[in-house]
Trainee: 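Have a look at this one before I ask anything.
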Amino acid sequence: IELFLHKVTEAINLGQALKNQTAPGDVQEIKPQWDPWLFSMDRLRYMRRRSMRQPWMKESYGSYEKWKRAHPWGSIPTLTEFRKFSWQE
């Protein structure tokens, strides 16, 4: 466990050092966004397993196995743009 913690600490320190070396104007701006996997029903195992082998999978892809090969993580929904919110809304 001590080796793991040491390696994680070392990686964090290295990342922070690399970040501090770049000029503030060269830092790429990352827009905040929602995580689509967090809101996906396919993330939950009991939801994934209850409705396998649907007829539309065979019509569109030929079989459930081919659909699963094309969508290894299931169907991930598209989400709206990120916006700041408060729980009192």
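Note that these values count all heavy atoms, side chains included, but never hydrogens, waters or copies made by symmetry.
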Trainee: Suppose we screen for side-chain hydrogen bond (donor to acceptor under 3.5 Å, both in side chains). Which residues come up paired with Q33, at least two apart in sequence or across chains?
Mentor: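 Listed in chain order: nothing, the list is empty.
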Trainee: Any chance you could pull the hydrophobic cluster mates of L5, using side-chain heavy atoms under 4.5 angstrom and chaining through other members?
Mentor: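 Once heavy-atom contacts under 4.5 Å are chained together, L5 belongs with I1, F4, V8, I12.
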Trainee: Using the test salt bridge (charged side-chain N to carboxylate O under 4.0 Å, His left out), find all partners of K7 that sit at least two apart in sequence or belong to another chain.
Mentor: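 Applying salt bridge (charged side-chain N to carboxylate O under 4.0 Å, His left out) to K7 gives none.
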Trainee: Could I get the full list of side chain to side chain contact (heavy atoms under 4.5 Å, CB included) partners for S63, not counting sequence neighbours?
Mentor: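 Side chain to side chain contact (heavy atoms under 4.5 Å, CB included) check on S63 returns E65, K66.
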Trainee: Are the side chains of H6 and E10 in contact, using a 4.5 Å heavy-atom criterion?
Mentor: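 Yes, their side chains come closer than 4.5 Å.
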Trainee: Please tabulate, for the side chains in residues 14-30, all donor-acceptor contacts under 3.5 angstrom to protein atoms that are two or more places apart in sequence or on a different chain.
Mentor:
unit_1 : atom_1 : unit_2 : atom_2 : d
N20    : ND2    : Q16    : O      : 3.1
T22    : OG1    : K19    : O      : 2.9

Trainee: For H71 and Y61, run side-chain contact (heavy atoms from CB on, under 4.5 Å): C-alpha distance rounded to whole Å, both residues' side-chain angles, the deciding distance at 0.1 Å, then the answer.
Mentor: CA-CA 11 Å; H71 302 91; Y61 293 90; 2.8 Å; yes
